[in-house]
Each structure stands twice: as C-alpha cells, then as structure tokens.
Novice: 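This is the structure I want to talk about, given as structure tokens.
Lettering of chains follows the sequences in order, A, B, ..., and the numbering in each one begins at 1. Since the structure is predicted, the reported quantities are computational estimates derived from the model, not experimental observations.
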Amino acid sequence: MPAFALVDCNNFFVSCERAFRPDLENRPVIVLSNNDGCVISRSEEAKSLGVGMGVPFFEIRPLVAEHKIVFISANHELYVDMSRRVANVLTRHAPVVENYSIDESFLTFPDDDGLYERARAARAEIRKWTGLPVSIGLAPTKALAKLGSDKAKKNGGVLSLLDAALRERILDETPVTDIWGIAKRSALRLAPHGIRTAGEFMRARDSLILSVLGIGGLRLAHELRGTSCLNLVAAPPERQSITVSRSFGAPVHSLAALQSALAVFAARAAERARRHGLRAGEVNVHLGRREGDRQLYDGDSIRVPPTCDTPSLIKTAKALAEKIYVEGRAYKKAGIVLSGLERADVSQAEFFDDGQTERSQRLSGAVDRINASIGSGALRYGGETASKGWGSRCETQSPCWTTRWEDLKAVRAAM
DNA sequence: TCTGGGGTCCTAGGACCC
DNA sequence: TCTGGGGTCCTAGGACCC
C-alpha cells in the first residue's frame, strides 16, 4: 500500500539557532517576529513556562526576565538555508518529496515495507548533517501523517499510524482542533453536533460534515478514515500571489514615508517575481492601522500590463499609495501584493512594446545578480531610499552563519 | 397582473496553515 | 507605549449573459 511520511523540524527557528549555539541547549529560548512583535518559535523549556505561540513579546516581558528566557530576533536568511539543507538530505531517502513549508516536508513511498526503519535512518542523517531534530509521522494519508508527526514529538521521534486499530485509538484521544485544517471556528460549529474528538469527527455522517464544514471538511474526514484525498504535490503549483509587507517600528503619518517603504517592498516583490520567472497582471497596495483591537486596512488594486519590472512596479505602488492615503491616520503597516501572475516566458506578445522592455529586463537582471552576490539591497533603484521613519526594530539577531562569509563561525581546536 | 432558469465570472471575506 | 509575514482554498453574493 502506498504511504506518506511527514517530516517536521522540531521548534524549527529555535533549533536553527541552537545548531550554532550549543550553549542554548536545555535553556528556555524564543524567536521573535519582525519588530520583535510576537513569539514565533519556542523551545520545549519555553513552552513549559507557559509562553504561547504568537503572543506579543511585551506581554511576556516579565516572564522572560523572571526565567531568564533567551530571546532572539528572527533571522530568516539562516532559516531558509537550513531548510534547504534538510530538503537535500530528504531527497536521498524518498522517491518524491514535497517541501510543504519551511520546516515540513511530505514524502511519498510506493509501499510501506520497512518504512519505520527507513524513517529512523533519515531522522538520524538529518541530525548528523544539519544538527536539527525532526519528528516523522507515517500513515496512509497526508492528514494522518501530519497527526503522526505531532504525536511523534513525545514518542521518540518516529510514529507509524499505518495500523488501523492504533490509529482509531489515537484519534479518539485527540481533540478535533488538533487535526490539520480544523481550528477554533470550525470546532465551535462542530460542538453542537457532539463532535469534540478527532474520532467522533471521523465517524460522523458525510452529509453532516458537508453541511457544517463544506467540501474541505469532508475531504479531511475521509483522510482520517484512511482514504487518501490530498495528493502529494511534487512540483509545486504556480504560485497565485507574491506579498511583501511589514509592520513599522513606529506609526507613520506622512505619504512620503509610506511611499518610500512601498518602493522598497515593490522592489523586493519584483525581484521575487523575476526569480520565479513570473509577471504580475495586478498590483494591490494596502496600508494598515489599528483601532482598538481591530486591524483596519485602506487598500486598492489596479490591473497592469503583465510586468516584473522594478521601476514600473515602484511607480504603480506609489500612485496607489497616493490614492488610498488619508491624511491624519497613524499607519502601522504597509504592503504590496502582486497577483494575476503568469509565466514571463509565455506572455502574450506585447503590442505596445516600445523597445524599453528588453533594456529594462537586462537592467533588472544585472541588479538581481549584483544583489545576490554582494548582499540584498546593495544596489537600489531611486525612490527605494533607505528606511526613514518606517524601519523595524530588531534587538538581537544571530549572524548568517551559513550564507555570509563575514558571518562564518570560527572554530578553534585545541590539540 | 403575471417576473424563469441556468450559467459564468468576479470579488470580498472567512478560515486556516506555517 | 509595545500585537509577524506569507500564503491557500472555499463560499456567498452580485453582475451579467442567454
């Protein structure tokens, strides 16, 4: 029978930091989001002190001080590179690998022969080559493999749910919110029907599930029963959108500052589009502010002739900003979303091409290459001025141990 | 007076994920 | 005072068409 494995890096961001800082082992450690705003990764020690996922940092400052919790500002350059290293090891262990997120991969196998031993071997090899601890779940469907990897964290690292009887027992003691794809809202709608555990959900009538949660919920129920509905996506589908957005270190009031931030975001977004060989047919710009508990957005979109050209996207972003900007508002956040993406190489012929396109593509390509070799942001377009009045706060960030020569770790060996 | 039925496309918002 | 960033999918409702 075909089988799936989910490989999940434990406390990924914290583990990446620990890989280069052994002194952080056995201590409570957390990693903070942009602006040191929220907690986005926690070591087991930090979890047991009661630090929740996603809680605002300022709320737990006293707890941090009391227990000497180590806090680190996120270093995504490092995490992306570590993720790539894990993926490299995995390709040696399975015929098909889907890199589902920065810290999770689905593997698929034609049959489940000796799968448990193979999973243990993969886990040991990842530890050896990257220093990262992973948990692996084995099962006949993706949703079950995911559940398996969660349970594996407290079960020696590898858990097989290939056996139906064991599966049912575990589902019966699992709250329905622990299922991948079911969160608070859905749980609230299921509760009146007496569905609180994953087991109860799995055994519920199809018609009931369909009416309460829709087609996605029904697929999930089938997955839990052992019928695979979510296929492995080896070649990731074309992405639907590209977003670059940031919260500001302090509220921003002026249009000029918002435009300078958006110019930088537009340049990043354009660069990403080019890296994926895509052009955007629609640009959205939004400005976020806070009113009490609520996040409010002023935003607007515009269709454009498909492009991945930095200057033209900067121009569009600035124009949109001007259109939606309201004087006197304290903006906390801004972003740009590129959508209507199409492959750059199969674009329709450009009827109105005035010869600028090719020149501008060559220029963009050169800028990308220079930035890739020297460091992101080394070369900028006009309008992409350095952050003035909208920069991020970031107290403590680790060096880019694996991606920058100047950050390479020095090791001294005593003979 | 009587006001169909089926379809598509688009958009905004909800819900969820990591 | 201080609350991330980047995504996906689904649904409902409106506009429009024949």
Side-chain angles (χ1 to χ4, degrees), chain A residues 6-13 30-42 52-62 64 71 73-76 79-80 83 98-106 142-143 146-147 149-150 176-190 210-220 229-230 233 236-251 265 268-269 272-273 276 281-282 284 286 288-297 299-301 303 330 332-341 392-395:
Chain A
L6 179 68
V7 180
D8 186 329
C9 299
N10 302 345
N11 316 326
F12 183 57
F13 299 163
I30 56 177
V31 171
L32 305 173
S33 67
N34 178 45
N35 276 330
D36 294 343
C38 293
V39 175
I40 52 173
S41 183
R42 308 159 292 158
M53 184 61 175
V55 298
F57 184 45
F58 74 88
E59 280 179 10
I60 57 161
R61 282 270 190 183
V64 167
F71 56 95
S73 309
N75 178 351
H76 286 284
Y79 310 150
V80 166
S83 175
E98 174 191 355
N99 299 127
Y100 170 71
S101 74
I102 195 166
D103 68 336
E104 287 169 290
S105 293
F106 282 104
K142 286 172 98 171
K146 182 98 165 101
L147 185 66
S149 80
D150 287 345
V176 75
T177 45
D178 285 5
I179 302 172
W180 185 36
I182 296 188
K184 221 166 29 190
R185 300 292 177 134
S186 300
L188 277 174
R189 280 191 253 162
L190 289 169
L210 190 61
S211 71
V212 177
L213 294 189
I215 189 69
L218 189 56
R219 269 204 287 265
L220 221 41
C229 308
L230 308 170
V233 196
E238 212 85 304
R239 56 164 70 245
Q240 307 294 308
S241 62
I242 292 171
T243 306
V244 177
S245 70
R246 291 282 175 282
S247 303
F248 303 132
F265 303 165
R268 287 294 148 273
R272 235 143 77 190
H276 291 101
E282 186 171 341
N284 167 278
H286 53 270
R289 61 210 158 82
R290 208 162 257 286
E291 207 166 81
D293 271 356
R294 303 202 309 149
Q295 274 270 16
L296 301 175
Y297 289 97
D300 200 2
S301 304
R303 275 173 220 254
K332 282 290 296 165
K333 172 172 189 172
I336 179 169
V337 183
L338 305 184
S339 53
L341 301 177
S392 300
R393 285 185 318 261
C394 196
E395 277 186 44

Novice: Among B:dC18, C:dG4, B:dC17, find the nucleotide with the atom closest to the side chain of A:Ser101.
Specialist: B:dC18
Novice: Check every strand shown and say whether A:Arg303 touches a base, only sugar-phosphate, or nothing at a heavy-atom separation below 4.0 Å.
Specialist: sugar-phosphate
Novice: Take the protein atom CG of A:Asn35 and the nucleotide atom P of C:dG4, then report the distance between them rounded to whole Å.
Specialist: 8 Å
Novice: Quick one: do A:Ser73 and A:Asp36 satisfy side chain to side chain donor-acceptor pair (under 3.5 Å)? Show the steps, please.
Specialist: CA-CA 6 Å; A:Ser73 309; A:Asp36 294 343; 2.8 Å; yes
Novice: For A:Arg268 and A:Val244, work out which heavy atoms get closest and say how close.
Specialist: CB-CG2, 4.0 Å
Novice: With nearest nucleotide decided by heavy atoms, which residue, A:Ile242 or A:Glu59, maps closer to the 5′ end of DNA chain C?
Specialist: A:Glu59
Novice: Is it the case that the side chains of A:Asn35 and A:Ser247 hold a donor-acceptor pair, with the cut-off being a distance below 3.5 Å and no angle test?
Specialist: no
Novice: Measure the distance from NE2 on A:His286 to P on C:dG4 and round it to the nearest whole Å.
Specialist: 12 Å
Novice: When you measure from the side chain of A:Arg290, which nucleotide among B:dC17, C:dG5, C:dT3 comes out closest?
Specialist: C:dT3
Novice: Base, sugar-phosphate alone, or nothing: which one does A:Val244 contact when heavy atoms must sit under 4.0 Å apart?
Specialist: sugar-phosphate
Novice: In this structure, how many angstroms lie between the P atom of C:dG6 and the CG atom of A:Asp103, rounded?
Specialist: 17 Å
Novice: Any base atoms under 4.0 Å from A:Phe12, or only sugar-phosphate, or nothing? Heavy atoms, all strands.
Specialist: nothing
Novice: Looking at A:Phe248, is A:Lys333 sitting on its ring face, NZ or CZ under 6.0 Å from the six-membered ring centre and within 45 degrees of the normal?
Specialist: no
Novice: Applying a 4.0 Å non-hydrogen cut-off, can you work out what A:Ile179 is touching in the nucleic acid: base, sugar-phosphate, or nothing?
Specialist: sugar-phosphate
Novice: What integer number of Å spans the P atoms of B:dC2 and C:dC18?
Specialist: 27 Å
Novice: Give me the atom names and distance for the closest heavy-atom approach of A:Lys146 to A:Leu6.
Specialist: CD-CD2, 3.4 Å
Novice: C:dG7 phosphate, OP1 or OP2: any side-chain N/O from A:Thr243 under 4.0 angstrom?
Specialist: yes
Novice: How does DNA chain B read in dot-bracket, base by base from 5' to 3', with Watson-Crick or G-U pairs under 3.5 Å and | used when the partner is on another strand?
Specialist: ....||||||||||||||
Novice: In whole angstrom, give the distance that lies between atom CG of A:Leu147 and atom P of B:dC18.
Specialist: 12 Å
Novice: Taking A:Ile102's backbone N and O only, do any of them form a donor-acceptor pair with A:Ser83's side chain (distance below 3.5 Å, no angle check)?
Specialist: yes
Novice: Roughly, in whole Å, what's the span from CZ in A:Arg289 to P in C:dC2?
Specialist: 15 Å
Novice: Say we look at C:dC17 and B:dT3: how far apart would their P atoms be, to the nearest angstrom?
Specialist: 24 Å
Novice: Report the relative orientation of the aromatic rings in A:Phe106 and A:Trp180; use parallel for angles under 30°, tilted for 30 to 60°, perpendicular for over 60°.
Specialist: tilted
Novice: May I ask you to verify if any side-chain N or O of A:Lys332 is less than 4.0 angstrom from the OP1 or OP2 atom of C:dC2?
Specialist: no
Novice: Could you check how far CZ of A:Arg239 sits from P of C:dC9, rounded to whole Å?
Specialist: 12 Å
Novice: For nucleotides 10-16 of chain C, give me one character per nucleotide, 5' to 3': B if any protein heavy atom sits under 4.0 Å from the base, S if the only such contacts are to the sugar-phosphate, - if neither.
Specialist: SS-----
Novice: Looking at A:Phe13, is A:Arg42 sitting on its ring face, NZ or CZ under 6.0 Å from the six-membered ring centre and within 45 degrees of the normal?
Specialist: no
Novice: A:Tyr100 OH to C:dG6 C1': how many Å, rounded?
Specialist: 12 Å
Novice: Output, in order, the C-alpha distance, side-chain angles, deciding distance and verdict of side-chain contact (heavy atoms from CB on, under 4.5 Å) for A:Arg290 and A:Leu296.
Specialist: CA-CA 6 Å; A:Arg290 208 162 257 286; A:Leu296 301 175; over 6 Å; no
Novice: Quick one: side chain to side chain donor-acceptor pair (under 3.5 Å) partners of A:Ser105, sequence neighbours excluded?
Specialist: A:Asn99
Novice: Is any side-chain nitrogen or oxygen of A:Ser241 closer than 4.0 Å to OP1 or OP2 of C:dG6?
Specialist: no
Novice: So, is A:Ser33 close to the C:dT3 phosphate, meaning a side-chain N or O under 4.0 Å from OP1 or OP2?
Specialist: no
Novice: Nearest 0.5 Å, what's the OG-CZ distance between A:Ser211 and A:Arg189?
Specialist: 10.5 Å
Novice: Taking CD from A:Gln240 and P from C:dT8, how many angstroms apart are they, rounded to a whole number?
Specialist: 5 Å
